[in-house]
Protein chains: 2
Amino acid sequence: MSQTVDRALSILPLLAEGPADLGQVADRLGVHKSTALRLLRTLHEHGLVYRQQDQRYRLGARLFALAQEAVENLDVREIAHPHLVALNEQIGHTVHLAVYEESEVLYIDKVESRYPVRMYSRIGKPVAITVAAVAKLLLADLPEAERRALAEKLDFPMYTSRSIPNAAAFLKELATVREQGWATDLGGHEESINCIGAPIRGADGRVVAAMSVSAPNVVVTAEELLALLPLVRRTADVITREYSGQAPRQEGRA
Amino acid sequence: MSQTVDRALSILPLLAEGPADLGQVADRLGVHKSTALRLLRTLHEHGLVYRQQDQRYRLGARLFALAQEAVENLDVREIAHPHLVALNEQIGHTVHLAVYEESEVLYIDKVESRYPVRMYSRIGKPVAITVAAVAKLLLADLPEAERRALAEKLDFPMYTSRSIPNAAAFLKELATVREQGWATDLGGHEESINCIGAPIRGADGRVVAAMSVSAPNVVVTAEELLALLPLVRRTADVITREYSGQAPRQEGRA
DNA sequence: AATGAGCGTTGCATATGATGCAACACCACG
DNA sequence: CGTGGTGTTGCATCATATGCAACGCTCATT
């Protein structure tokens, strides 16, 4: 809609691939160097882009700060967090919280199992949308049309032999998930990892987030993990109740 | 430099404070609603902004993805990470990695303590720049003029009675840190938390990052923590060697 | 039901502001 | 001491962002 802004923003994903110099940016944008320079300068002033010693540009620090603040303002996350921690303390495995947005599913919180300390950095990473339990839960609740459209658009990479192979199978799986109110991923993403998940709903009954528990089958078998399902669903329900409870997001700040 | 882009980008920090509707955005930008609409639409197309059901805008998912990719492209981080993990396994406390950029110091990696008492910090979060050990290390290496200018510009909040109170004391502390090649923060940010840190240098000898170990004094006393200093410094040196790696050219810094 | 207030949205005329050009400055390299 | 590759600046042109006013919609009020 706004050409100038559009061009400027196009620089960001470009730099996400790695640092680039002025000429490269100008070329990839298809604009004059001087134009690219002005855009980069503006991005720079806002801290979204940083210029390293060799004069090349890369993504800047404010990006983190923004993503940071954004995630902290998500009220589902805030409400859910203590419950996720409690669940984690009880059963020990990794617990995830995810939301759906603009054809992507992404983790917005994670509590690590007591295993080798993993990176915080997976938060924000797009989820394997065709196989993850949380993805199934979130997509299963989309309106029919949107669900169908999305399924058509997706790729179905065969991470493992048990990955969901195509749109038809995917839609069928979503129907099941929708029906039963919980979801699994049994080795569909990584051969040895199983997940079980349950939905968190808003006051209107729509699914606003999904949580899951993941564990490698060297630790617990799929059956043992499934035995935890009632506990997981109960946790999700508690969060749902608190989230849809009153109306704590009635007003922002002023 | 580019007014349109400038305005568009100004929307991001504004939304970081919390969701806002079109009118609010237009007001705070001082532009017509229709203008704000176009800017928001452009931001939306790039996924930086998301429109929730109530039509209000908030920061979008791509922001995470970008921050994600950005941090993954930092080579210091990549090289340092395994060493940080190893150090954490050896001593158990929380380990941080931070860089300086544009008058801010921010964490780019963190390995959690194995102890139940954890420190609140987040990757991407700006560090308390006047007191943190990593901040001292990074700032101590700035050119004289820049260091002085920055010190003048800073606020010196008294987080605790041991916080550094003013620019003069700060510059003095930086001189010490510069001299000795390591830094501490003994209860300067939170009364009960101590940190020790060491610098990581590039091939030219300039400090490119800083690492620290933090522990609450209910777990280890400051003296016990300081006893770990040689270990921390050694780790930092190993990272430095690997990072400034290939060309074993002796640096020209004295 | 009817009315109106408050919000987001659209098309359009205007001139602001973004653009590409060409010339310049700088550095590294031969 | 040139020469080719950078990044940078000032400027004339016109593309493009802007504000306006009118419209459509939803919701609350009567």
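Chain naming here is simple, since letters A, B, ... match the order of the sequence lines and numbering starts at 1 in each.
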Undergrad: How are the rings of His96(A) and Tyr107(A) set to each other: parallel, tilted or perpendicular (split at 30° and 60°)?
TA: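 It falls in the parallel class, under 30°.
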
Undergrad: Any ion pair linking Arg62(B) and Glu104(A) (charged N to carboxylate O, less than 4.0 Å)?
TA: yes

Undergrad: With a 4.5 Å cut-off on side-chain heavy atoms, are Leu66(B) and Leu48(B) touching?
TA: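 Yes, at least one pair of side-chain atoms sits under 4.5 Å.
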
Undergrad: Find out whether Leu171(B) and Arg147(B) are in side-chain contact, i.e. whether some heavy atom of one side chain is under 4.5 Å from a heavy atom of the other.
TA: yes

Undergrad: Between residues 31-42 of chain B and DNA chain D, which residues have a heavy-atom gap below 4.0 Å?
TA: Val31(B), His32(B), Ser34(B), Thr35(B), Arg38(B)

Undergrad: In residues 7-29 of chain A, what residues come within less than 4.0 Å of DNA chain D, judged by heavy atoms?
TA: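 Those residues whose heavy atoms fall under 4.0 Å from DNA chain D, taken from residues 7-29 of chain A in numerical order, are Asp21(A), Leu22(A), Gly23(A).
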
Undergrad: Can you give the first and last nucleotides of DNA chain C, 5' to 3', that have an atom under 4.0 Å from a heavy atom of chain B?
TA: dG8(C) to dA18(C)

Undergrad: Nearest heavy-atom pair of Tyr50(B) and Tyr100(A): which atoms, and what distance?
TA: OH-O, 4.5 Å

Undergrad: If only side-chain N and O atoms of Thr4(A) are considered, is one of them under 4.0 Å from the OP1 or OP2 phosphate oxygen of dT16(D)?
TA: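 Checking dT16(D) against Thr4(A), no side-chain N or O comes under 4.0 Å of OP1 or OP2.
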
Undergrad: Can you tell me if Thr4(A) uses its side chain to pair, donor with acceptor, with the backbone of Val5(B) under 3.5 Å?
TA: no

Undergrad: Expressed as a whole number of angstroms, how long is the span from Met1(A):CE to dT18(D):P?
TA: 14 Å

Undergrad: Using heavy atoms to find the nearest nucleotide of DNA chain D for Val5(A) and Arg51(A) separately, return the residue whose nucleotide is more 5′.
TA: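 Result: Arg51(A).
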
Undergrad: Count the heavy atoms of every other residue, nucleotide or ligand shown that sit under 6.0 Å from CD of Gln180(A), and state whether that count exceeds 12.
TA: yes

Undergrad: Can you name the closest pair of heavy atoms from Lys136(A) and Ala183(A) and give their distance?
TA: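 That would be CB-CB, 4.2 Å.
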
Undergrad: For residues His46(B) and Ser10(A), determine if any side-chain heavy atom of one lies less than 4.5 Å from a side-chain heavy atom of the other.
TA: yes

Undergrad: Less than 4.0 angstrom from a charged side-chain N to a carboxylate O is my criterion; do Arg148(B) and Glu144(B) meet it?
TA: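 A salt bridge links Arg148(B) with Glu144(B).
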
Undergrad: Rounded off to whole Å, could you give me the CD-to-C1' distance for the Gln3(A) and dT18(D) pair?
TA: 15 Å

